[in-house]
Number of protein chains: 2
Amino acid sequence: MEKEWRRSMPLLSMNIVMQLTGLTARQIRYYEEQELVLPARTEGKQRMFSLDDIDTLLEIKDLLKTGVNIAGIKQIFELKNSPVVSKDVRKVISDIELRAIVKEEMQLAQRQQRASLRQGDLSRFYR
Amino acid sequence: MEKEWRRSMPLLSMNIVMQLTGLTARQIRYYEEQELVLPARTEGKQRMFSLDDIDTLLEIKDLLKTGVNIAGIKQIFELKNSPVVSKDVRKVISDIELRAIVKEEMQLAQRQQRASLRQGDLSRFYR
DNA sequence: TAGTATATGTTATGTTATCTAACATGTCAA
DNA sequence: TTGACATGTTAGATAACATAACATATACTA
């Protein structure tokens, strides 16, 4: 309860966030438009990000890379914020994400009669 | 060696540093002019501060409030960076600062035949 | 007492960083 | 092909920051 303070404090400007996440300003603003991140604003309306925001952005980046679209990410984030999942958040969430992704990919594959999901794409969920 | 990374990373812009330290931009720039802090710069020459810089600024603020002038602070910082004092840095430094301050104040008092140093001013060094 | 140094305030002027909004484009699936 | 999605690009406006010069209060010094 001193670390929480810092992680949620909006200290970082756009430029730094671009560097830390490897995302473009356009991407970051788009994700905000889609309400996936909600950076604070200065009096002059400039975005200020917290470390938590960085985590969120990195997760978005990762999920997009995995093939989940914005709508899917929205769902996942909603699940995360649902009070049901507040025991061992970390692990539970991973499972949920996994299932969401697999489900989406399965549906895709079915609809297209093809295997859009190569083995390698799930490897990071196993060990 | 993962925390060092973060503490020395220049992530913070002027505005945030002003808020975190309670110093004005003028003060911060002046301290840099006096080479007490050396913030990084963006390509566009804008200052970017690290958490270490914040610590330094807060220390400057504190020392100034205690009555030490810029020259004195410079000395103290030089002592800190001297390789001699690299065992139990924390404690040793406090002592050095204390002595430096006391010395300065004593000289002042002597020259002026007055007691410029009230008891209360040193109270924070004792317990 | 008059003069000087120190640390900071204030103002002016230019540059960099960020904003919003609109339009363009590559990719993929229907 | 057509359309949706995610992102690129550009334009024009504003916010944030830069340097530099001058002003000033306080505290020392002569």
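Every heavy atom of this structure was used, including side-chain atoms; hydrogens, water molecules and symmetry mates were not. To find a chain, count down the sequence lines: A is the first, B the second, and so on, and within it residues start at 1. Since this is a predicted model, take the numbers as computed values, not measurements.
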Can you tell me how far [atom2] of [N] sits from [atom1] of [X], to the nearest Å?
| X | N | atom1 | atom2 | value |
| --- | --- | --- | --- | --- |
| A/Gln46 | D/dC17 | CD | C1' | 11 Å |
| B/Met48 | C/dT16 | CE | C1' | 13 Å |
| B/Glu33 | D/dA18 | CD | C1' | 13 Å |
| B/Ile60 | C/dA7 | CD1 | P | 11 Å |
| B/Glu43 | D/dC17 | CD | C1' | 16 Å |
| A/Lys45 | D/dA13 | NZ | C1' | 15 Å |
| B/Gln19 | D/dA16 | CD | C1' | 13 Å |
| B/Asn15 | C/dT16 | CG | C1' | 15 Å |

* **Rounded distance (nearest 0.5 Å) linking atom CG of A/Leu12 with atom CG of B/Leu12** =>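 So the CG of A/Leu12 and the CG of B/Leu12 are separated by 6.5 Å.
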
* N/O donor-acceptor pair under 3.5 Å between A/Gln27 side chain and A/Thr24 backbone ->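 Yes, A/Gln27 side chain to A/Thr24 backbone: donor-acceptor pair under 3.5 Å.
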
* **Under 3.5 Å donor-acceptor, B/Lys61 side chain and B/Leu23 backbone** =>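 Absent.
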
* **Nucleotide of D/dA16, D/dA18, C/dT18 approaching A/Ser13 most closely (side-chain heavy atoms)** =>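 Nearest to the side chain of A/Ser13 among the choices is C/dT18.
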
* Asked: D/dA18, C/dT18, C/dT20: which one has an atom nearest the side-chain heavy atoms of A/Arg41?
  ->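 Ranking D/dA18, C/dT18, C/dT20 by closest atom to the A/Arg41 side chain puts C/dT20 first.
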
* Asked: Are side-chain heavy atoms of A/Leu79 and A/Ile76 found at a separation under 4.5 Å?
  ->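 A side-chain contact is absent here, since even the closest heavy-atom pair is not under 4.5 Å.
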
* To do: Starting from the first five and the last five pairs of the helix from C/dT1-D/dA30 to C/dA30-D/dT1, work out the angle between the resulting helix axes, to 10 degrees.
  =>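 For the helix from C/dT1-D/dA30 to C/dA30-D/dT1, the axes at either end differ by 20°.
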
Identify each atom pair where a protein N or O and an N or O of nucleotides 5-8 of chain D are less than 3.5 Å apart, giving names and distance.
residue: D/dA6; atom: OP1; partner: A/Ile70; partner atom: N; Å: 2.9
residue: D/dA6; atom: OP2; partner: A/Tyr30; partner atom: OH; Å: 3.0
residue: D/dT7; atom: OP1; partner: A/Gln27; partner atom: NE2; Å: 3.0
residue: D/dT7; atom: OP1; partner: A/Tyr31; partner atom: OH; Å: 3.0
residue: D/dT7; atom: OP2; partner: A/Tyr31; partner atom: OH; Å: 2.8
residue: D/dT7; atom: O4; partner: A/Arg26; partner atom: NH2; Å: 3.0
residue: D/dG8; atom: OP2; partner: A/Thr24; partner atom: OG1; Å: 2.7
residue: D/dG8; atom: N7; partner: A/Arg26; partner atom: NE; Å: 3.2
residue: D/dG8; atom: O6; partner: A/Arg26; partner atom: NE; Å: 3.3
residue: D/dG8; atom: O6; partner: A/Arg26; partner atom: NH2; Å: 3.0

* **Within residues 14-36 of chain A or reaching into it, pairs that qualify as salt bridge (Lys or Arg N to Asp or Glu O under 4.0 Å) - sequence neighbours excluded** =>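 Pairs touching residues 14-36 of chain A that pass the test: A/Glu32-A/Arg41, A/Glu32-A/Arg47.
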
* Given side-chain hydrogen bond (donor to acceptor under 3.5 Å, both in side chains), test B/Asp53 with B/Thr56 step by step and report yes or no. => CA-CA 5 Å; B/Asp53 290 329; B/Thr56 300; 5.1 Å; no

* Would you please confirm or rule out a distance under 4.0 Å between OP1 or OP2 of C/dT16 and any side-chain N or O of B/Thr42? =>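 For B/Thr42, the contact criterion (side-chain N or O under 4.0 Å from OP1 or OP2 of C/dT16) is not met.
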
* **B/Arg47 side-chain N/O to C/dA17 phosphate OP1/OP2 under 4.0 Å** =>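 Indeed not, no polar side-chain atom of B/Arg47 lies that close.
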
* Show the numbers, then the answer: is there a side chain to side chain contact (heavy atoms under 4.5 Å, CB included) between B/Leu11 and A/Leu20? => CA-CA 9 Å; B/Leu11 300 175; A/Leu20 291 179; 4.2 Å; yes

